[in-house]
Amino acid sequence: MTAPTALPARVRTRFAPSPTGALHLGNARTAILNWLFARRHGGDFVLRLEDTDTERAVPRGEEMIYEALDWLGIAPDEGPREGGPFAPYRQLARADRHRARAAALLESGRAFRCYCRPDELEARREAAIAAGEPTGRDARCRDLPAELARRHEAEGREAAIRLRVDPGPVEFTDLLKGTLSIDGDDLGDLVLVRSDGRPTYNFAVAVDDIEMEISHVIRGVGHLSNTPKQVLLYRAFGVRPPEFVHIPTVLAPGGGKLSKRRGAAGVLDYRERGFHPDAVVNYLSLLSWSSEDGEEFLSREALVERIDLDRLGAADTEVDEEKMTWLSGQHLRAEPAGRLARDWAGRLDVEGLGLNDADLRRAAEVFAKRTRLLSDVASEVEPIYRAPETGGAAARESLSAPAAATAIRLARAAWADTAWRPEPLAAALRGAMRDAGLAGRTFFPPVRVALTGQLHGPDLGEVAYALGQERTLARLAAAMPSAPSETGD
Ligand code: GLU
């Protein structure tokens, strides 16, 4: 790793996805790092849509990107939806600017018109290969006599615009890989604008990064080979290149490329599966760097505070869903009960179960720790509220055990005037059991079945708290319809 460099006056990062499909975890990680780094340094995070490959664009591509960023809570400061001082933020809409920049390079002599058609260039390349000659640089139009150029123009030949690339090293520094160099001869005279007027990919990216005053380009390592071409363009325009950080690849669980076939590759699949978005942000951040004290469960604020590009790891990393699930549980636990209750409300049949906001809030207070995914509410919380009669015959049997009626009566009595909090409720129940000289295995099962219809589950103080006083006492009463009232014997 190279020595850290001084920060520019204003940190500006960008995330530049193509609207070609669902945002996968690798792209999301790139967005998150750019966002964190900008936040850390009080800078700007720009979303630029690289939509020039119209053939690969998918319907709703842009919406899908926004949907994923919104879910992750990664808000661009500038972008197609947000607007901003460097609009437009869709690359296709910037094509005139790219062409104007190419015209300026023609004007200054840094670029030239090339009249060769792509098929001619290709045929000459193949001929050179067949003759065993170096393909080198096909410079036929580089210093075309003016007379010939005029003739081509008169014939109506379309010209591409190409950058004059001299032999010699093109050097650049990547934060992770150090200084890299490639010879200009290996790059050739880059095409900037194709003969049909469409700017090329690297030209558009470099012009946009220059015009949007991007200070740090943080992107996937797959773009490393584009970087020297872009650096040449910075040079041609006399602009200092940004800091480049090419981050390693996120691999599918078990290795290999992320894809739909290999588990959930799309960020929004993790939403469907009930992951807490902060856990996904936390997890993807730590795929790239580690905090100094090794702490792994980090809130958004903590991530912003601690992100340090100098601690980036260089190795490709496989997605570890077990760890992401663990982190999801940690973030659920840290979530304010009111917020978690609102999410749970959308995942439960609140009407069928007869749940109100206060019920859900109490449930969130005590049961969040039993869940790791938001979707766990179905297995961990819902059974508590279902009518106990639906709990199954084996469980109901425990209600006919000899001590069942006594246990339920004692529970009703113990809870009749106990403060409705989990700890006092649990303590009152234990006290009643002790006073009656009953064993836990005799005392607890009928009480539990009376409350939930289940033989197993969370601490009964928590169960009663979550059910609420009214529902709890009513369920106990209903489990012993023939018994006298709790104060009557
Ligand atoms: N559009 C490119 C991609 O989706 C990113 C280009 C860049 O970051 O320079 O991978």
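Everything numeric in this text was worked out from a predicted model, so none of it was measured. Start at 1 and go down the list; that is how both ligands and their atoms are numbered.
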TODO: Considering heavy atoms of the protein only, find what lies nearest to atom 10 (O) of ligand 1 and give residue, atom and distance to 0.1 Å.
DONE: His223 NE2, 2.8 Å

Open item on the list: Looking at Arg125, I'd like to know if its CZ atom is crowded, meaning that more than 12 non-hydrogen atoms belonging to other residues, nucleotides or ligands lie closer than 6.0 Å.
Closed with: no

- [ ] Pull out every atom of ligand 1 sitting under 4.0 Å from any heavy atom of Ser18, numbered as shown with elements.
- [x] 1 (N), 4 (O)

Task: Contact atoms of ligand 1, heavy-atom distance to Arg14 under 4.0 Å - done: 7 (C), 8 (O), 9 (O)

Open item on the list: Checking His276 against Asn282: is there a side-chain donor and acceptor pair closer than 3.5 Å?
Closed with: no

Task: Carboxylate-amine/guanidinium proximity below 4.0 Å for Arg300 and Asp278 - done: yes

TODO: Could you tell me whether the side chains of Gln91 and Asp51 share a donor-acceptor contact shorter than 3.5 Å?
DONE: no

- [ ] Determine, for Glu295 against Arg306, whether the closest basic-nitrogen to carboxylate-oxygen distance falls under 4.0 angstrom.
- [x] no

- [ ] Test the Arg101-Phe237 pair against the cation-pi criterion, namely NZ or CZ under 6.0 angstrom from the six-membered ring centroid and within 45° of the ring axis.
- [x] yes

Open item on the list: Under 3.5 Å between any N/O of Asn27 and any N/O of ligand 1: does that happen in this structure?
Closed with: no

TODO: Taking the six-membered ring for Trp and the full ring for Phe, Tyr or His, determine whether the centres of His223 and Phe244 are under 6.0 Å apart.
DONE: no

- [ ] With heavy atoms of Arg219 as the reference, note each atom of ligand 1 found under 4.0 Å away.
- [x] 7 (C), 8 (O), 9 (O)

TODO: Enumerate the atoms of ligand 1 whose separation from the nearest heavy atom of Pro17 is less than 4.0 angstrom.
DONE: 4 (O)

TODO: Answer with side chain, backbone, both or neither: which part of Tyr201 has a heavy atom less than 4.0 angstrom from an atom of ligand 1?
DONE: side chain

Task: Atoms in ligand 1 with a heavy atom of Glu50 nearer than 4.0 Å - done: 1 (N), 2 (C), 5 (C), 6 (C)

- [ ] Please determine if Ala16 has a nitrogen or oxygen closer than 3.5 Å to a nitrogen or oxygen of ligand 1.
- [x] yes

